[in-house]
Amino acid sequence: MLALIRYSVPPGQTEEFTLRAHEIVDTLAGQPGYVRGRVSRSVDEPELWALVSEWEGAGFYRRALGAARMAMYPLMTLMINEPSAFEDVERP
């Protein structure tokens with residue numbers, strides 16, 4: 001399962017955002033079901049960032065969000081409000 005949380009980060013906040021986003025990834029990495037994660041930035045729109053993680057299933061991801069709530073809180077105002085959990089779809 002893929003989790004994608006997008007953020008709109010003003011230029012003056014990129015350094016702090018980067019530090020905090022990596023702290024979130026570190027927190028998520030300690031949770032059951034975590035596979036891998038990273039912080040990414042749009043090549044075409046530098047204010048658009050993404051926290052991407054992969055999980056063994058949606059339940060693991062949802063429980064991990066609870067564990068990471070405190071680390072995520074400072075970035076909530078930058079978060080783009082949209083669905084973040086995506087399941088893999090097999091080829092027909």
Side-chain angles (χ1 to χ4, degrees):
M1 190 230 104
L2 175 74
L4 173 67
I5 303 173
R6 296 188 318 145
Y7 297 87
S8 180
V9 182
Q13 296 181 30
T14 58
E15 187 175 331
E16 180 181 349
F17 173 82
T18 303
L19 291 171
R20 291 189 181 273
H22 282 287
E23 288 175 5
I24 294 168
V25 171
D26 291 344
T27 301
L28 294 174
Q31 303 306 307
Y34 177 87
V35 177
R36 75 182 122 265
R38 63 190 173 277
V39 176
S40 300
R41 185 179 194 175
S42 171
V43 174
D44 300 314
E45 295 182 46
E47 291 185 9
L48 185 60
W49 292 71
L51 194 154
V52 182
S53 56
E54 293 180 46
W55 298 86
E56 291 177 13
F60 289 110
Y61 170 61
R62 297 201 192 286
R63 285 186 292 279
L65 285 177
R69 182 174 291 135
M70 293 307 291
M72 296 177 84
Y73 186 75
L75 300 182
M76 294 290 254
T77 61
L78 303 176
M79 188 181 294
I80 297 171
N81 187 16
E82 61 187 3
S84 63
F86 298 86
E87 62 184 352
D88 293 334
V89 177
E90 299 296 324
R91 179 180 287 194

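From a predicted model like this one, the values you see are computed outputs, not experimental measurements. Throughout, residue positions are numbered sequentially from 1 according to the sequence presented.
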Heavy-atom closest contact (Glu47 atom, Pro11 atom, distance): OE2-CD, 3.3 Å

Pairing residues for Arg36 by the salt bridge (Lys or Arg N to Asp or Glu O under 4.0 Å) criterion, not counting sequence neighbours: Glu54

Heavy-atom check, side chain of Gln31 versus side chain of Trp55, under 4.5 Å: yes

Nearest-0.5 Å distance, CG of residue Leu2 to OG of residue Ser53: 7.0 Å

Co-membership, hydrophobic cluster, residues Leu48 and Met79, 4.5 Å side-chain: no

Kindly list each side-chain donor-acceptor pair under 3.5 angstrom involving residues 80-89, sequence neighbours excluded, with atom names and distances?
unit_1: Glu82; atom_1: OE1; unit_2: Arg6; atom_2: NH2; d: 3.1
unit_1: Glu82; atom_1: OE2; unit_2: Arg6; atom_2: NE; d: 2.5
unit_1: Glu82; atom_1: OE2; unit_2: Arg6; atom_2: NH2; d: 3.4
unit_1: Ser84; atom_1: OG; unit_2: Tyr61; atom_2: OH; d: 2.8

Quick one: side chains of residues 62-74, donor-acceptor pairs under 3.5 Å with protein atoms, not counting sequence neighbours, listed by atom name and distance.
unit_1: Arg63; atom_1: NH1; unit_2: Gly59; atom_2: O; d: 3.4

Single-linkage hydrophobic cluster, 4.5 Å side-chain cutoff, Val43 and Val39 together: no

For Ser8 against Pro10, the heavy-atom pair lying closest together: O-CD, 3.7 Å

Hphob cluster co-occupancy, Val52 + Leu78, side-chain heavy atoms under 4.5 angstrom: no

Contacts of type side chain to side chain donor-acceptor pair (under 3.5 Å), residue Trp49, not counting sequence neighbours: none

Side-chain donor-acceptor pairs under 3.5 Å in residues 17-28, sequence neighbours left out?
unit_1: Thr18; atom_1: OG1; unit_2: Thr14; atom_2: O; d: 2.7
unit_1: Arg20; atom_1: NE; unit_2: Glu16; atom_2: OE2; d: 3.0
unit_1: Thr27; atom_1: OG1; unit_2: Glu23; atom_2: O; d: 3.0

